[in-house]
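Read through the structure below, which is laid out as structure tokens, and then see the notes.
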Amino acid sequence: MPDTLQIVNPANETVIASVALATVDHADEAIARAKEAGPAWRMVAPADRARLLRRFAEAVAANAEELAQLETANMGMPIGASRWCATGVADVLHYFAGAIDKHTGSTIPVAGGIDMTFHEPLGVVGLITPWNFPMYMASWKLGPALATGNTVVIKPAEITPLTTMRLGELALDAGIPEGVLSVLVGTGAEVGWRFVTHPDVRKVAFTGSTAVGKRIMSGCADQVKRVTLELGGKSANIVFADADVDAAAAGAPGAVFDNTGQDCCARSRVLVQRSVFDRFVEGFEAAAAQLVVGDPTDPATAIGPLVTAAHLAKVRSYTDGVRATWTGEAPSGSGFWHPCMLLTPDDPSSALWTDEVFGPVATMIPFDTEEEAVAIANDSVYGLSGSIWSRDIGRALRVARAVEGGALSVNSNSSVRYATPFGGFKQSGLGREHSMHVLDHYTELKNVFISMT
Ligand code: NAD
């Protein structure tokens, strides 16, 4: 019998489910089934594959409330955010259904004939996802992987598997053939690593921590296996004095505290031009105090618990004994609660300033010049997301071009739209999710020359 894992609601520490953990043997069986299903799946006519993906999307939309409730119970995500994610999963699947017959090759005139290019599916792809946005992250990979004719084995983070398991059932109900999509709930060390080492898995698409991403990348090197990585972040929120400072301050707490800070795009380093620093801090604190913390099933709640006791201990290891400029409320009693905090560190080289804390902790420092702001923003091993707030469009564009980050926004804290590319510079990742660009990461480009002689 396989080992089982108890699934715990982080808001109240009750056990909500018990799941059997897959082993390496189970992974091997699922990979073999995916390999077997591959030739038929890649030959499904594009319009039919699109229809199946749309039916999958419609099944998700029809079951969105159940998925949202499961996510909230398993991960502690406030229900409003879980509902947004469930709708987002359906939207992502619809987008990639529509992309299938638009990912076209080209014909290239050459001497003596003509060249044609084809986007060939890779075969079996192994998808590994994190616990912070379980179903949403799964859809970012399932959509393009299936649309391009690959078969898939997916391993959610074992502590938050429930919505991905349900997505697997909905895919089958929608008519996605057996073997095309298998969900394996297992540990990273066993099942995740098997995706890396198994010779029939042609690509690993990973979202998770930079430390694990590095290991996966080096494991894939052995077989020159395709790999894409969506990793950590420590994004900067840069506010110039010429911005709508009140709007920037009002949005800044949500930009780091949403999902209790467990967000790769969290703008956890706030850089504010010195002349408006005090005013900004005041606005930040006022807005942060409005965020409702507590029961994640209450639609009014903005901030829930952290995901596990172990993660709470990790966040506390950063914040224990630290003097905060502002500290929010947090429920006492059961659950993995950590208050939201604003820190204005004296030492910007401290771990709080440099590490991805992945908790509800904002750090804020003043800057004087545009050049200094860019230099501070880029002084990080990460380069994922971030914001620039300024009414001077020239400055906003200069800074957006200079900041090393893959998903930036101006006068906004938005990072993710399925029609636009998303991904990291530097140690925040390799490759892109979303948009037509991601389709190239799930296909090989083949060139065929046809002689005209
Ligand atoms: P993690 O790296 O601990 O785990 C991610 C996944 O990898 C899990 O499914 C885990 O079981 C698996 N895993 C662990 N060890 C493995 C191994 N040796 N081989 C194969 N698989 C293994 O990350 P996490 O704590 O679940 O997620 C949080 C991290 O994810 C944060 O760093 C966050 O920034 C990052 N993240 C990035 C993005 C992005 O798009 N850039 C999105 C969400 C989360």
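Since this is a predicted model, take the numbers as computed values, not measurements. Ligands are counted one by one from 1 in listed order, and the atoms in each one are counted from 1 as well. Numbering starts at 1 and runs along the sequence shown.
Aromatic rings from Trp389 and Phe280 are positioned such that their centres are separated by 6.0 Å or more. Proximity of the aromatic rings of Phe422 and Trp140 is defined here by a centroid distance below 6.0 angstrom, and this criterion is met.
Residues that satisfy the side chain to side chain donor-acceptor pair (under 3.5 Å) test with Asn378, not counting sequence neighbours, are absent from this structure.
Ion pair Lys141/Glu433 flagged as a salt bridge, since at least one NZ, NE, NH1 or NH2 atom sits closer than 4.0 Å to an Asp/Glu carboxylate oxygen. Comment: Arg33 does not engage Glu178 in a salt bridge, judged by the lack of any side-chain N to carboxylate O separation of less than 4.0 angstrom. The pair Glu444-Arg226 meets the salt-bridge criterion, with a side-chain N (NZ, NE, NH1 or NH2) lying under 4.0 Å from an Asp/Glu carboxylate O. Using a cutoff of 4.0 Å between basic side-chain nitrogens and carboxylate oxygens, Asp28 and Arg194 are scored as salt-bridged. Salt bridge annotation for Glu169-Arg166: present, with a cationic side-chain nitrogen under 4.0 angstrom from a carboxylate oxygen.
Listed by number with element, the atoms of ligand 1 under 4.0 angstrom from any heavy atom of Asn132 are 43 (C), 44 (C). In summary, the atoms of ligand 1 found under 4.0 Å from a heavy atom of Met137, numbered by their order in the structure, are 42 (C), 43 (C). Here is the list of ligand 1 atoms found below 4.0 Å of a heavy atom in Pro156: 9 (O). Ligand-side atoms of ligand 1 in range of Thr207: 5 (C), 36 (N), 37 (C), 38 (C), 39 (C), 42 (C), 43 (C), 44 (C), range being under 4.0 angstrom from any heavy atom. Counting atoms of ligand 1 from 1 in the listed order, those under 4.0 Å from a heavy atom of Thr129 are 6 (C), 8 (C), 9 (O). Within ligand 1, the atoms closer than 4.0 Å to a non-hydrogen atom of Ile216 are 20 (C), 21 (N), numbered from 1 in the order shown.
Of the protein's non-hydrogen atoms, the one nearest atom 28 (C) of ligand 1 is Phe358 CE2, 3.5 Å. Protein heavy atom in closest approach to atom 24 (P) of ligand 1: Trp131 NE1, 3.4 Å. Of the protein's non-hydrogen atoms, the one nearest atom 36 (N) of ligand 1 is Cys264 CB, 3.6 Å. Looking from atom 18 (N) of ligand 1 to the surrounding protein, the closest heavy atom is Arg215 NH1, 3.8 Å.
The proximity of Leu384 to ligand 1, defined as any non-hydrogen pair under 4.0 Å, is limited to the side chain. Within the 4.0 Å heavy-atom criterion, neither part of Ala211 lies near ligand 1. With a 4.0 Å cut-off on non-hydrogen atoms, Gln262 does not touch ligand 1 at all.
At a 4.0 Å cut-off, at least one heavy atom of Phe206 sits close enough to ligand 1 to count as contact. Distances shorter than 4.0 angstrom do not occur between any heavy atom of Phe133 and any atom of ligand 1. Contact annotation: Gly186 has no heavy atom less than 4.0 Å from any atom of ligand 1.
Cation-pi check for Lys155 over Phe195 is not met; the charged atom does not lie both under 6.0 angstrom from the ring centroid and within 45 degrees of its normal.
An N or O contact shorter than 3.5 Å is missing between Ser428 and ligand 1 by distance. At under 3.5 Å, a nitrogen or oxygen of Glu158, whether backbone or side chain, sits near a nitrogen or oxygen of ligand 1. Inclusion of Thr210 in the set of residues having an N or O under 3.5 Å from an N or O of ligand 1 is not warranted. Between Lys155 and ligand 1, at least one pair of N/O atoms sits closer than 3.5 Å. Residue Leu231 has at least one N or O atom closer than 3.5 Å to an N or O atom of ligand 1.
Here the shortest heavy-atom distance to atom 13 (N) of ligand 1, taken over Pro134, Gly188, Gly126, Ser209, belongs to Gly188.
In this structure, atom 32 (O) of ligand 1 has protein heavy atoms in its sub-4.0 angstrom surroundings.
Screening Leu67, Leu162, Thr129 against Met135 for a side chain to side chain contact (heavy atoms under 4.5 Å, CB included) leaves a single residue, Leu67.
Residue Met217 places its CE atom among 12 or fewer non-hydrogen atoms of other residues, nucleotides or ligands, all under 6.0 Å distant. When the shell of 6.0 Å around NZ of Lys426 is examined, it contains more than 12 heavy atoms from other residues, nucleotides or ligands. Counted within 6.0 Å of CD on Glu329, heavy atoms from surrounding residues, nucleotides or ligands total 12 or fewer; the atom is thus considered open.
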- Task: Let me see the working for Tyr136 and Tyr418 under ring-ring contact (aromatic ring centres under 6.0 Å, His included), right down to the final yes or no.
- Result: CA-CA 11 Å; Tyr136 201 32; Tyr418 52 76; 9.3 Å; no
